[in-house]
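We're numbering straight along the sequence, starting at 1. Scope of the values below: all heavy atoms of this structure, side chains included, with no hydrogens, waters or symmetry mates.
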Amino acid sequence: MAISNIQAAAMVSFADKKVLVLDDMPDMRTTMRNQMQALGITNINLAGTVREALNYISQRTYDVILCDYYLGETTDGQQFLEYLRTTNAISRATLFIMITAETGFNSVITAAECMPDDYLLKPFTGETLKLRLERLLERKSRLAAIDKLQDQGAWPQIIKACDEIIASKDKYIMDGMRIKGNALLMLHQTDQAISFYQNALKMRDMPWAKLGLARALKFKGEGEQAGQLLESIIVDNPRLLAAYDLLGKIHTEAGNSEKALNVLDNACSIAPHSLARQRSIANLAETTGDYDRVDKALSVVVKQTKNSPLRDPKDYAKLTNALTETGELERAVNIIKEAKEHFTDSVDVKMLAAYEAVAQSKLGNKDLAKKALEIALTDDGNLPSEATSLALAKACLAQNRTEDARNILKSVVQNNPDSNKLQDEIALIFKDHGGLDAAQHLIETSVKEVINLNNDAVQKARAGQYAEASQMLTEAALRLPNNLQVVSNAALSILMDMFTNGFNLEKSIRAKQFQDAVFKQNDQYPKLAEINAFRIKIQAKYKQEIKA
């Protein structure tokens, strides 16, 4: 016999739950602790700042996080949750409840945007907290197995678990359907996902299903159809901010940067405190050369994260670059000076030094520029980002270190040989150092070198020399981790080597690392399907060895 909702709620136990409370008001922290102790919860930690909360989270796992929206500092509860979700600092099993005394539309939508499990309006009674926790913990208990599988990225098993929930037709059927649709997309089963969402919409008009269908259409390459669907979603559900973000991506990929920026601006007018969206606007504006817009967006981000552990050195670097491009050199140097007080990791120090070297060179501070460049060029074994490399090349050319600049740009081109934007940027860098001809020669020779290496490896594979081919491509992939063709071919060649010459755990791990690296950069990259298929063949052939 099915358990009634009342019985299920009564079965929820609070005694073993671990709870973190984040609120800048001591009285409110004490009140919530007392309310929870009355429910039998004894394992409670109280934090007054984001820094304290992150320290607790780094040390233990929580069942529930209760977080006030207004935290009395530049970072708010939404930005804190956004950080936790994007960095995977908490698992899906952790309940996150946003608390706010503000009943106005803007605060509620901002809190709801970053997907807390629920929100509470202050003041609330102990009984209200009890009922809310019972309902949420019951749901978490029902979805616990799926949450764990999602943390592991075990998408086929997730679909099976979701099908069981859907077949049961209990009150969590919609949760099961939402998760299944996403799992189909993560497995690149685009046609199945489209059919699944279309069938879901036959049940009733559900915004999440429409959004899922738009995602599936985009993945299939039907960007125009997906865009039209998203526009209708936004008209009917103007608070569904994920629709704005996806529509912005579609416009960006179609080359309509201004349309994309307008869509993101509209989303920001609804929920202005999203750090992720402000960063998206800055990144997009940077590609169009609209550095004033970059300045506007990142100035907001830097201000809101200034005294918070959520601050990011890349924000300071990009803002410095924008200010350097617009001629605000003193302000650019001051931004870098502020950043250097906060970021001491070697990778961050090198990145910031690269941008400082450019700004100081333009200011005419030769000694300071030289010092910054030497720091930026220090070899610590880490590959700098594309943006940092471009800044390094600019600084090298400004200080007549032409060969260093060419070597840096060669690596950048080989990591991203098909980027027209990158090639345009390199042409601008060479504007006063050999012009377009010098830039074109560097690009062509760099690309040709990679093509020749890839072709040589393919020829070896065709000749049955799989071990030699995989070794060549592995070395190239480690040197060019952002070149998706090289990295995907490296993964595939390792699997071919194992299929022919025997299972090897170390090689299997390396192939998976390369596969994951490609997926992280482009989860729709065509060769991923071939890699997945070959991995299944490996698993079937060496089932016993893999189990052992």
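- In this structure, CD1 on I90 lies 10.5 Å from OG1 on T61, to the nearest 0.5 angstrom.
- Side-chain atoms of N415 and R479 include no donor-acceptor pair closer than 3.5 Å.
- Ring planes of F503 and Y542: tilted class, angle from 30 to 60°.
- A salt bridge does not link K318 with D295: every distance from a Lys NZ or Arg NE/NH1/NH2 to an Asp or Glu carboxylate oxygen is 4.0 Å or more.
- In this structure, the side chains of L187 and N532 stay at 4.5 Å or more apart for every pair of heavy atoms.
- Between E325 and K394 there is a salt bridge, since a side-chain N of the basic residue sits under 4.0 Å from a carboxylate O of the acidic one.
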Discussion item. The test is salt bridge (Lys or Arg N to Asp or Glu O under 4.0 Å); show your working for K249 and E253 and say whether it passes.
Written reply: CA-CA 6 Å; K249 288 180 181 178; E253 292 173 5; over 6 Å; no
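- The pair R178-D175 counts as a salt bridge, with a side-chain nitrogen and a carboxylate oxygen less than 4.0 angstrom apart.
- Atoms CG and CG, on L213 and L230 in that order, are 9.5 Å from each other to the nearest 0.5 Å.
- The minimum heavy-atom distance between C268 and I281, with the atom names listed, is SG-CD1, 3.6 Å.
- Under 4.0 Å is where a charged nitrogen must lie from a carboxylate oxygen, and between K337 and E341 no such pair does.
- Using modelled atom types, one finds no donor on one side chain facing an acceptor on the other under 3.5 Å when comparing D367 with Q360.
- Taken from CZ in F430 to CD1 in I443, the straight-line distance is 8.5 Å, to the nearest 0.5 Å.
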Item to complete: Let me see the working for S389 and L409 under side chain to side chain contact (heavy atoms under 4.5 Å, CB included), right down to the final yes or no.
Response: CA-CA 7 Å; S389 294; L409 292 174; over 6 Å; no
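- Ring geometry for H342 against Y316 counts as tilted: the plane angle lies between 30° and 60°, on a 0 to 90° scale.
- When all heavy atoms are compared, the tightest approach of L211 to A243 is CD1-CA, 3.9 Å.
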Practice prompt. Give the C-alpha distance, both sets of side-chain angles, the deciding distance and a yes or no for side chain to side chain contact (heavy atoms under 4.5 Å, CB included) between K210 and Y197.
Written response: CA-CA 7 Å; K210 280 187 175 180; Y197 285 121; over 6 Å; no
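- Checked by atom type and distance alone, the side chain of S232 pairs as donor or acceptor with a backbone atom of L229 at under 3.5 Å.
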Item to complete: Check step by step if ring-ring contact (aromatic ring centres under 6.0 Å, His included) holds for F534 and F499.
Response: CA-CA 9 Å; F534 221 103; F499 189 79; 5.7 Å; yes
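- Between E356 and K340 a salt bridge is recorded (basic side-chain N to carboxylate O distance below 4.0 Å).
- To the nearest 0.5 angstrom, N504 atom CG is 11.0 Å from I538 atom CD1.
- In terms of heavy atoms, A457 sits closest to A469 at O-CB, 3.4 Å.
- A salt bridge links K512 and D516; the closest N-O separation between the charged side-chain nitrogens and carboxylate oxygens is under 4.0 Å.
- In this structure, OG in S446 is found 7.5 Å from CD1 in I426, a value given to the nearest 0.5 Å.
- Counting only N and O atoms by type, the side chains of R311 and Q304 include no donor and acceptor under 3.5 Å apart.
- For the residue pair N262 and R293, the shortest heavy atom distance occurs at OD1-NH2, 4.1 Å.
- In this structure, K148 and Q152 have side chains that are in contact, with non-hydrogen atoms separated by less than 4.5 Å.
- Between the side chain of S195 and the main chain of D191, no donor-acceptor pair closer than 3.5 Å is present.
- If you check the side chains of T388 and S385, you find a donor sitting under 3.5 Å from an acceptor.
- Minimum heavy-atom separation, Q423 to P417: NE2-O, 3.3 Å.
- Between N489 and N454, the side chains place a donor N or O and an acceptor N or O closer than 3.5 Å (distance only, hydrogens not considered).
- L284 CG to L261 CG: the interatomic distance, rounded to the nearest 0.5 Å, is 4.0 Å.
- Results of the side chain to side chain contact (heavy atoms under 4.5 Å, CB included) test with P313 over D345, D348, V347, V349 single out D348 as the only residue that passes.
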